[in-house]
Structure formats: structure tokens, C-alpha cells
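Here is the structure we will look at.
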Amino acid sequence: MTRVVTVGAAQLGPISREETRSEVVERLRALLAEADTAGCALVVYPELALTTFFPRWYTEDVGGHDHYFETSMPGPDTSALFDDAAQRGIGFSLGYAELTADGHRYNTTVLVERDGRLVAKYRKVHIPGHENDEPWRPFQHLERRYFEPSPDGFGVWPAFGGIVGLATCNDRRWPETYREMGLQGVELILIGYNTPIHYAPDPSQDALAGFHNRLVMSAGAYQNGTWVVGVAKGGNEEGVDALAESSIIAPSGEVVACALGNGDELVSATIDLDMCRQYTETVFDFGRYRRPEMYQRIGNQRGVAPTASVERER
Ligand code: CDT
């Protein structure tokens, strides 16, 4: 099996609250057709790619947004995408809101192989934002009201001739996300995101949104010797500006392809998964150079009074 894969980052522009699922699926299929022309074997769609980013609105009843959730995948509206992709022999990852039969709500991504086989389901680990209405904000970020964190953590799966991992939006800011998968031998991490450019708790970060996006994904790629594909839902959605800048990043940390605009746009690159070894067998040869026995002594002490033993070590 070849270790060279053409990957498409299928960036979406805004999805309005009036747009139906089948209208959105048609947009996803249009990007899929472009990806086919570009020779892609894998297409990466954003986080919550089927709906507007509904956690920006508060509902008193936590179930008030349940109409934005999928109860099956594929479902009645998404099966056209699954069928089209299988017919074209293209795999994909797709983010959506998942409501389970026993009433759990997750921010989920599925990974589907070129033959239509469901390879993996990943539920977001790091849930940002807040739980309750905070009317002082110009818009809400209520992911913590509408989504539970994953009970499963980070996995990797053999797919597309390599080892593939999934992460979702805020996960990309945490080094543990990449390292958990790096330790499992990941070679390609697929990340969808919805990132409002305005960060109400500290607006001085607004001007740095693009820089932080590149910083974390490039660092995660380089420090773990893996390819990273980050895909946005960008543009002005329901009055909220969201970061675009979807990109494909090499194990060197270099951005090899990046979206030019903030609407629906396919960005593609032909990537060599064997390039990971240039890093995982040299500077980031974990077996040779990592010192895990040195890392686990302190744990999470930020915001916690230091214990006597930690104090002694300082
Ligand atoms: N969707 C998502 O995870 N967005 C977050 C916004 C953080 S601010 C509440 C992000 O990290 O981009």
C-alpha cells in the first residue's frame, strides 16, 4: 500500500440557522466533487459541519438545541454524502453533534474509509466555554452546557495507509492531545474547528487568533513527528466572525497548504506519511530520548498550593 496520500481540507464558510441539513450536505458534496478532481483520497470537514454553531445561543432547557443533533450516522440527510464518497472512493472525516440513544450529547467526529467503512468515532475531550448564560458576552460559547466530554480519550486507527488520529477544535490547543496520539504512533491528525475571533474573557487575544492557531498545530505536528490537517468553519456566521486559515502541516511544523479565503474552499496537498520517520526516528525518537519517569512526579499543580515535596524540589 502506498504511503503517499492526497488530502483535502474542505473548509466551510458560514452556515446560517435557517439552512437545512440537506442544503449543507449539498455543499459538502460540492467540495467532495472538487476533491475528486484534485485526486484526493481523504477529505477533512470541520467540527459541527452540518449546522450553524448553535452553542452561541442559550436555551434554558439543555435539550433546546436537540434538533441540531444527529441520532444516527449516517442518517437520513447524511447518507447522500456517504454514498457519494464511497462511489468516488474517497474517505472523509466529518464533525457533528451526536445525541446517543441513552441521552448523552457529544461533539463528535467520524472517520470513514474509501470503501465507506466507518473506521472510528471520536468524541471531543476538551470542552471549552461555559455552562450558563452569560449575557455580558456579545455571544455565548455554551459548549459546556450542550456537550459532555469524551469518556474515551484519544485513539489512533490504521487507515489511508497510515495511523490516523482525530481531535476537535479546542483539543488542538492542548499539547496532551498530540502527545497522547504521538505515543500511539500517529502519522496524520485530522482536526475540525469553529473558532470565534473574539474571545470575550480576554479580547487582547483576538488579534492573535490566527497566530495561536498556527502555533499550536505546527508545534503539535513537529513535536510528535506527524502530519496535521486543521479545517475551519470560517467567516461571519450569524453575526460572529470565525477564523478560517485551514491548513495542512508537515511533521517539520511547516504549513504546506493554507486556505486563501474564509468561505467554502478546498485546499489539498499530496503528503508522504513516511516523512514522519524523519522526526520520529531522529530528534523525537521517543524510545531513545523521552524521560517519562521525569514527567509524572509533579502532576497538575497549577492553581493548587504546592505540596511539601514539590516545594523542596524547587
Ligand atoms: N469550538 C471550539 O472549541 N472553539 C474554541 C473556542 C475557545 S473560546 C471559548 C477554540 O478553541 O477554538
Side-chain angles (χ1 to χ4, degrees), residues 9-15 17 44-58 65 68-70 93-98 105-109 122-150 153-154 165-178 189-221 228-247 249 258-259 262:
Q11 177 175 284
L12 287 174
I15 299 176
R17 65 195 302 179
V44 184
Y45 292 110
E47 172 192 39
L48 300 177
L50 297 171
T51 65
T52 198
F53 189 77
F54 59 84
R56 73 167 66 89
W57 295 296
Y58 173 79
H65 283 321
Y68 288 119
F69 284 71
E70 309 298 313
S93 64
L94 175 73
Y96 63 99
E98 177 195 12
R105 296 179 184 84
Y106 298 109
N107 188 336
T108 297
T109 296
Y122 164 74
R123 292 162 173 157
K124 188 172 181 176
V125 167
H126 300 98
I127 309 291
H130 48 108
E131 290 82 1
N132 297 311
D133 196 20
E134 297 187 3
W136 61 271
R137 294 171 183 257
F139 53 89
Q140 306 294 299
H141 198 107
L142 287 155
E143 280 195 69
R144 294 180 70 83
R145 184 171 189 82
Y146 297 112
F147 298 120
E148 290 173 49
S150 165
F154 294 101
L166 300 169
T168 305
C169 197
N170 190 260
D171 288 330
R172 78 194 189 288
R173 303 188 190 279
W174 299 88
E176 293 88 346
T177 295
Y178 307 89
I189 299 179
L190 314 179
I191 305 175
Y193 58 90
N194 280 263
T195 295
I197 290 171
H198 178 56
Y199 182 58
D202 176 16
S204 76
Q205 295 182 28
D206 297 2
L208 302 172
F211 167 65
H212 287 154
N213 183 52
R214 276 190 304 281
L215 175 73
V216 291
M217 293 199 294
S218 284
V228 170
V229 181
V231 185
K233 175 138 67 68
N236 187 286
E237 189 179 85
E238 299 292 348
V240 177
D241 280 320
L243 184 73
E245 301 187 21
S246 301
S247 50
I249 300 159
C258 185
N262 60 6

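We count ligands from 1, going down the list as the structure has it; atoms in each ligand are counted the same way.
Contact residues for ligand 1 (protein heavy atom closer than 4.0 angstrom to any ligand atom): E47, F53, K124, P128, G129, H141, E143, C169, N170, R172, R173, N194, T195, Y199.
Under the salt bridge (charged side-chain N to carboxylate O under 4.0 Å, His left out) criterion, the residue pairs touching residues 198-216 are R214-E245, with sequence neighbours excluded. Among residues at least two apart or in separate chains, salt bridge (charged side-chain N to carboxylate O under 4.0 Å, His left out) pairs with a member in residues 137-150 are K124-E143, E131-R144, E134-R137.
Partner of T195 under the side-chain contact (heavy atoms from CB on, under 4.5 Å) criterion, chosen from H212, K233, R173, E47: R173. The one candidate from Y96, Y106, F147 that meets the ring pair (Phe, Tyr, Trp, His ring centres under 6.0 Å) condition with F69 is F147.
With sequence neighbours left out, R105 forms a salt bridge (Lys or Arg N to Asp or Glu O under 4.0 Å) with D66.
We find that E237 and R56 are joined by a salt bridge, their nearest charged nitrogen and carboxylate oxygen being less than 4.0 Å apart.
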